[in-house]
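This report concerns only the one structure given below.
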Amino acid sequence: MNGTGMLIEKLAREGNLTDGELEMLIRERTPESAAALAAAARAVREKIYGRAVYIRGLIEFTNICKNDCLYCGIRRSNRRASRYRLSEEEILGCCETGYPLGFRTFVLQGGEDPYFTDERLSAVVRSIKRRFPDCAVTLSCGERGRESYRRLFEAGADRYLLRHETAAPEHYRKLHPPAMEFERRMQCLRDLKDIGYQTGCGFMVGSPFQTVEDIVRDLRFIRSFRPHMVGIGPYLSHPDTPFCSQPDGTAELTLFLLSVIRLLLPGVLLPATTALGTVMAGGREEGILRGANVVMPNLSPPSVRGKYLLYHDKLSSGAEAAENLRELSRSIEGTGYTVTAGRGDSLLADG
Ligand code: SAM
């Protein structure tokens, strides 16, 4: 067995590698090592979750954002973005559509829109929980204060997704304006976990200036933070951002890292993201074969889907939610996995 083969065996056996070994695994990857890693990741994931793939209904409830992240198509300075915000009734309407289709988690994702004060957002969460008490609500609306997170948790929010974006402070500064601070983002993640949310972090693969060392830091952070969920997807450029001519991240490295993350944190909920489905036809299905176990079909009203444009050519179908889900389920079942109703809580072991 060659060097990387031994590393894969060690990673599968011990759920860990040293930083130097992770770096070597990534740098020296080949199609053969990716296949061996994927087989190990599938075995670990099937032991814990079987062949279930959990669905989350994604509701992109506002594309108004006060932040100016250099990579993001809905950044404040993008005057060409056509802005929208869903009303509470429209958000509930998305849940009404999703519930009979089997969705039991609704993910409210949006820009950092100052309209959604704690009062307004808590009211939305409370209404969803009142109408759909057997459903989980996941929030993904950026950085807020600890007290705000606590109020939203008390209103009934169960989970929170906040990608850390990069665990290297100097890399973070290259991706964000000076007003955004690495340490604050990390503090938000600690607060969320501490308050009791099932918490998700994550990063873009191939974001501008990212090095292999940065990726190793991301992996090390993920392993020590022990989030319940990890969202990774390729960086894809947006024409109306300062990073418009930066190259896209690849499906190949994203898929490889999905397997690595599954082995580092066997019980984690790991989505095969829209960005992965955008950069590669069948990317989400391939993600499932590499160790992912979550997909997040879009439940936003078809009229706004074309406006939540984080990057170019975002995968989006004008089809109704039911048709979207039918198609995705059919193609996932073609890979031998089963799209499963239910909340699909994390089975991450404590400790
Ligand atoms: N505002 C919230 C936040 O910051 O967490 C949630 C919305 S934000 C648009 C969701 C995620 O989209 C970010 O965490 C980022 O990783 C991802 N994203 C933004 N621009 C992207 C791009 N150009 N390519 C790929 N992913 C991108």
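- Considering every non-hydrogen atom in both P227 and V268, the closest pair reads O-CG2, 3.7 Å.
- Residues in residues 37-49 take part in these salt bridge (Lys or Arg N to Asp or Glu O under 4.0 Å) pairs, two or more places apart or across chains: E46-R51.
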What side-chain donor-acceptor pairs closer than 3.5 Å can you find for residues 217-224, not counting sequence neighbours?
unit_1: R217; atom_1: NH1; unit_2: E170; atom_2: OE2; d: 3.4
unit_1: D218; atom_1: OD1; unit_2: H164; atom_2: NE2; d: 3.0
unit_1: D218; atom_1: OD1; unit_2: A167; atom_2: N; d: 2.7
unit_1: R220; atom_1: NE; unit_2: D19; atom_2: OD1; d: 2.7
unit_1: R220; atom_1: NH1; unit_2: N16; atom_2: OD1; d: 3.1
unit_1: R220; atom_1: NH2; unit_2: L17; atom_2: O; d: 2.6
unit_1: R220; atom_1: NH2; unit_2: D19; atom_2: OD1; d: 2.9
unit_1: R223; atom_1: NE; unit_2: G15; atom_2: O; d: 2.8
unit_1: R223; atom_1: NH2; unit_2: G15; atom_2: O; d: 3.4
unit_1: S224; atom_1: OG; unit_2: R220; atom_2: O; d: 3.2
unit_1: S224; atom_1: OG; unit_2: F221; atom_2: O; d: 3.2

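- The side chain to side chain donor-acceptor pair (under 3.5 Å) test applied to T62 returns D113, not counting sequence neighbours.
- Criterion: ILVMFWY side-chain heavy atoms under 4.5 Å apart, direct or through other members. Under it, M180 and L192 are part of a common hydrophobic cluster.
- A 4.5 Å side-chain heavy-atom check between V260 and I26 finds every atom pair outside the cut-off.
- A donor-acceptor pair is defined here as one N or O able to donate and one able to accept, closer than 3.5 Å; no such pair exists between the side chain of K129 and the backbone of D134.
- There is a side-chain donor-acceptor pair under 3.5 Å between H171 and T166.
- With no hydrogens or angles considered, no side-chain donor-acceptor pair links S346 and R159 at under 3.5 Å.
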Going through the distances and angles, do R120 and E88 end up as a salt bridge (Lys or Arg N to Asp or Glu O under 4.0 Å)? CA-CA 9 Å; R120 289 192 177 116; E88 180 173 331; over 6 Å; no

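- Side-chain contact between V124 and I128: present, with at least one pair of heavy atoms (C-beta onward) separated by less than 4.5 Å.
- With sequence neighbours excluded, the residues forming a side chain to side chain donor-acceptor pair (under 3.5 Å) with E147 are R150, listed by chain and number.
- M296 has its side chain within reach of L161: a pair of non-hydrogen atoms, C-beta onward, lies under 4.5 Å apart.
- Side-chain contact between N63 and Y308 is present, with heavy atoms from C-beta onward closer than 4.5 Å.
- Within the structure, ring pair (Phe, Tyr, Trp, His ring centres under 6.0 Å) contacts touching residues 96-129 (residues at least two apart or in different chains) are F61-F116, Y99-F132, F106-F132.
- Among residue pairs with one or both ends in residues 266-293, those qualifying as side chain to side chain donor-acceptor pair (under 3.5 Å) are R262-N293, E285-S331, E286-R290; sequence neighbours excluded.
- Using a 4.5 Å heavy-atom threshold, the side chains of E119 and R151 count as touching.
- Ion pairing between a basic and an acidic side chain is recognised when a charged N comes within 4.0 Å of a carboxylate O; R144 and D118 show such pairing.
- For residues 179-198, the ring pair (Phe, Tyr, Trp, His ring centres under 6.0 Å) pairs, not counting sequence neighbours, are F153-Y197, Y160-Y197, Y172-F182.
- Residues passing the side chain to side chain donor-acceptor pair (under 3.5 Å) test with K193, sequence neighbours excluded: none.
- Contacts classified as side chain to side chain donor-acceptor pair (under 3.5 Å) and involving residues 249-260 (residues at least two apart or in different chains) are given here: R29-E252.
- Of the options R80, R79, R76, a salt bridge (charged side-chain N to carboxylate O under 4.0 Å, His left out) to D240 is made by R80 and by none of the others.
- Taking 4.5 Å as the limit, every side-chain heavy atom of N2 sits out of range of all side-chain heavy atoms of E28.
- Tracing side-chain contacts under 4.5 Å through hydrophobic residues (I, L, V, M, F, W, Y), one reaches V339 starting from L299; they form part of the same cluster.
- Not a single side chain to side chain donor-acceptor pair (under 3.5 Å) links E89 to another residue, sequence neighbours left out.
- Residues F225 and L263 share a hydrophobic cluster, clusters being chains of Ile/Leu/Val/Met/Phe/Trp/Tyr side chains in contact below 4.5 Å.
- Taking Ile, Leu, Val, Met, Phe, Trp and Tyr as members and joining any whose side-chain heavy atoms lie under 4.5 Å apart, directly or through other members, the hydrophobic cluster of L70 also contains Y71, L175, M204, F209, Y235, F243.
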Tell me, with the steps shown, if E213 and R27 meet salt bridge (Lys or Arg N to Asp or Glu O under 4.0 Å). CA-CA 10 Å; E213 288 88 341; R27 281 195 197 284; 3.5 Å; yes

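- Looking only at side-chain heavy atoms (C-beta outward), M280 and L255 come within less than 4.5 Å of each other.
- You'll find the side chain of L310 stays beyond 4.5 Å of the side chain of E60, heavy atoms only.
- Comment: E323 engages R326 in a salt bridge, judged by a side-chain N to carboxylate O separation of less than 4.0 angstrom.
- Closest heavy-atom contact between A272 and A292: N-CB, 3.9 Å.
- Counting only residues at least two apart or on different chains, no ring pair (Phe, Tyr, Trp, His ring centres under 6.0 Å) pair has a member in residues 245-270.
- Closest heavy-atom contact between L276 and P234: N-CD, 3.7 Å.
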